[in-house]
Chemist: 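Structure below; questions to follow.
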Amino acid sequence: IHKAFHGLYPAPQQLRCQALSGVEAPRWNDHDRPEEFNFASHILDYWTQMEKEGKKGPEPAFWWVNSQGDEVKWSFSDLTDLTRRAANVFTQTCGLQQGDNLALILPRVPEWWLVTIGCLRTGVVFIPGTSQLKAKDILYRLQMSGAKAIVTTDTLAPEVDSVASECPALKAKLLVSDHSHEGWLDFRSLIKSASPDHTCIKSKTEDPMVIFFTSGTTGYPKMAKHSHGLALRSCLLSCRKLLQLKTSDVLWCLSDPGWILAIVGCLLEPWASGCTLFVHRLTQFDPKVIVQVLFKYPITQTIAAPGVYRMILQQKFTNLRFPTLEHCSTGGEALLPEELEQWRKHTGLLLHEVYGQSETGITCGVLRGMKLKLGSMGKTISPFDIQIIDDKGHILPPNTEGYIGIRIKPSRPTGLFMYYENNPEKTAEVECGDFYNTGDRATMDEEGYIWFLGRGDDVINASGYRIGPVEVENALAEHPAVAESAVVSSPDSTRGEVVKAFIVLNSQFLSHDKEQLIKELQQHVKSVTAPYKYPRKVEFVTELPKTITGKIKRKELRKKEFGQM
Ligand code: ATP
Ligand code: MG
């Protein structure tokens, strides 16, 4: 299983992919397990070398803008220089060592990339978090992880200070700001004065690299710890087939910097192929700004949660034919087929769905150019072997509902998390026979296409019928009155459980007769999908409970329902 490391420079001939500019990106076969891997030295410094030898085109590696007209453009050489400085700040100024944990809570500012890559170079394990965190959330994260350092901004520094005394492990506080702040190190000036000479650690592929806190959709966030294998995974042949990025591409991934999708989409994916990563500071998801940006800059690919595309569609812009955009990807929550159809109608582009978790990175997806089946999340991306399993880990036949399982025996695939930090019980709990059990329910057809039904707990069992909330939500989405909905199970004295829909109405429908509207919506669902799925109970609400990621907390709604019994 553990094949010999092929050596990096040069990579084996057959593995080299011809980029447009003529430069070849380092690649590995899906089942290669190099003993050592570090994305900073093996990939970023490789592109820097190509730049120096005049073998790479002039496109920047990093292109950052904000709404005030500021712009930052870095070549790979700039990135190498700046991140070596960051590495020196961590080891020399902060005294951090390989394996130490660092909490990284920054908005989309250029320093985020200096910190992440600086960590790669030193082996400091970084823990991204969204800037929407509050003192209590930060305390939870610092205590759980025992982080020795934190990097954040002015806005969050007081929140950190209010809990720092309860975090004995925390010894270095780094601030990214134009102002100084007492008790905090000034990251920007430290970068300026640090030496650009640094030798990247020789990390083992299995050494820890990053910890992601899960979204906490179903409870307290868990710490999924990943090795450098997560970064190696983006360099595997199969993974490059997902987006098929060329050095001339300009990729804009809108994920919040706190999630795994940001590491994959704003760092690993673009730079594994040497293309330009585009970043807009985007303090909030303003659909007008997003649309303007797509018209103004030569962006060729986007990655964003379904909710972002949904927000754009809801604005009813007259023109969504973007001049350079070619390929759109989405993931993190279910993409409703109705949204895909609308996006296609207005932009002429498809939405390519991917599915993954903090524990797994992208596990399956609709690869660029692959036949699309409406409603499916695409096919497994090697080296993962996804099977639909029962709760004992037995593989189920095609078109049978079960858990999405990723094979971990006889060997754990590159890119799957190592374990939940400090939580062997939880780590053991998700092992199911030869598989890691994602806890999500789905079916797989004979061609290997995977169809998401819902989280294990979210699937509704009504009179023996098993109903995925997403199917009902999609049916509701097709009705003009529905802005958004969440479908959950609700107790019923005669039927046991029934389908209940919480619905946020579009403003034009707020004054409509509610009884009438409920009947109409029920009728509508019965007419577009199997009638047994229709919501017997409907409740109109002004908003749905969501995580900071923007995911609907169905569990909360369900608990409320059952608590009422
Ligand atoms: P927690 O594990 O703490 O409850 P979480 O599972 O929401 O939180 P994440 O790891 O951020 O935390 O999210 C992964 C989950 O998001 C998946 O398990 C799945 O339920 C959902 N998800 C991701 N992509 C898709 C998709 N394309 N379609 C449907 N659901 C998706
Ligand atoms: Mg989860």
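For ligands, and for the atoms within them, numbers begin at 1 and follow the listed sequence.
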Chemist: Using only heavy-atom distances, determine whether the side chains of E421 and N423 contain a donor-acceptor pair under 3.5 Å.
Modeler: no
Chemist: Students should be able to answer this: which protein heavy-atom is nearest to atom 12 (O) of ligand 1, and at what distance?
Modeler: S215 N, 3.1 Å
Chemist: What is the closest protein heavy atom to atom 29 (C) of ligand 1, and at what distance does it sit?
Modeler: A334 N, 3.2 Å
Chemist: Distance only, no hydrogens: is a donor on one side chain within 3.5 Å (strictly under) of an acceptor on the other, for Y355 and E333?
Modeler: no
Chemist: Between the side chains of K533 and T529, is a donor N or O closer than 3.5 angstrom to an acceptor N or O?
Modeler: yes
Chemist: Indicate whether any N or O donor in one side chain lies under 3.5 Å from an N or O acceptor in the other, for D207 and S227.
Modeler: no
Chemist: Which of the numbered atoms in ligand 1 are below 4.0 angstrom from a heavy atom of S358?
Modeler: 9 (P), 10 (O), 11 (O)
Chemist: Which atoms of ligand 1 sit under 4.0 Å from any heavy atom of R455?
Modeler: 4 (O), 5 (P), 6 (O), 7 (O), 15 (C), 16 (O), 20 (O)
Chemist: Would you tell me which option among W451, F213, F452 has the nearest heavy-atom contact to atom 30 (N) of ligand 1?
Modeler: F452
Chemist: On the six-membered ring of Y403, is R441 placed so that its NZ or CZ lies under 6.0 angstrom from the centre and within 45° of the ring axis?
Modeler: yes
Chemist: Return yes if a side-chain donor-acceptor contact under 3.5 Å exists between N399 and E446, otherwise no.
Modeler: yes
Chemist: Could you tell me the residue and atom name of the protein heavy atom closest to atom 3 (O) of ligand 1, and the distance to it rounded to 0.1 Å?
Modeler: T214 OG1, 2.6 Å
Chemist: Of all the heavy atoms in T547, does at least one lie under 4.0 Å from an atom in ligand 1?
Modeler: no
Chemist: Could you say whether the N/O atoms of G216 and ligand 1 ever approach to under 3.5 Å?
Modeler: yes
Chemist: Is the ring pair W252/H280 parallel, tilted or perpendicular, if the boundaries are 30 and 60 degrees?
Modeler: tilted
Chemist: Where's the contact between V354 and ligand 1, heavy-atom distance under 4.0 Å: side chain, backbone, both or neither?
Modeler: backbone
Chemist: Among all protein non-hydrogen atoms, which one is nearest to atom 21 (C) of ligand 1, and what is the separation to 0.1 Å?
Modeler: G332 O, 3.5 Å
Chemist: Considering heavy atoms of the protein only, find what lies nearest to atom 2 (O) of ligand 1 and give residue, atom and distance to 0.1 Å.
Modeler: K222 NZ, 3.0 Å
Chemist: On a heavy-atom basis, I'd like to know which of I404, T217, D440, L335 is closest to atom 20 (O) of ligand 1.
Modeler: D440
Chemist: Hey, which atoms in ligand 1 end up nearer than 4.0 Å to a heavy atom of E353?
Modeler: 26 (C), 27 (N), 28 (N)
Chemist: Can you sort out which atoms of ligand 1 are near M377, meaning under 4.0 Å from one of its heavy atoms?
Modeler: 26 (C), 27 (N), 28 (N)
Chemist: Without hydrogens or angle criteria, can the side chains of T300 and D249 be said to hold a donor-acceptor pair below 3.5 Å?
Modeler: yes
Chemist: Answer side chain, backbone, both or neither: which part of Q357 comes under 4.0 Å from ligand 1, heavy atoms only.
Modeler: both
Chemist: Could you walk me through whether F212 and F417 satisfy the ring pair (Phe, Tyr, Trp, His ring centres under 6.0 Å) test, starting with their C-alpha distance in whole Å, then the side-chain angles of each, then the deciding distance to 0.1 Å, before giving a yes or no?
Modeler: CA-CA 10 Å; F212 298 104; F417 78 126; over 10 Å; no
Chemist: Please report which non-hydrogen protein atom sits nearest to atom 26 (C) of ligand 1, along with the residue it belongs to and the distance in Å to one decimal place.
Modeler: E333 O, 3.3 Å
Chemist: Look at atom 14 (C) of ligand 1 and find which of K551, E359, K555, R441 reaches it with the closest heavy atom.
Modeler: K551
Chemist: Nearest to atom 4 (O) of ligand 1, what protein heavy atom do you find, and at what distance?
Modeler: T218 OG1, 2.5 Å
Chemist: Do the numbers put R141 on top of the ring of F213, so that NZ or CZ is under 6.0 Å from the six-membered ring centre and no more than 45° off the axis?
Modeler: yes
Chemist: Judged by modelled atom types alone, do E359 and Y420 share a side-chain donor-acceptor pair under 3.5 Å?
Modeler: yes
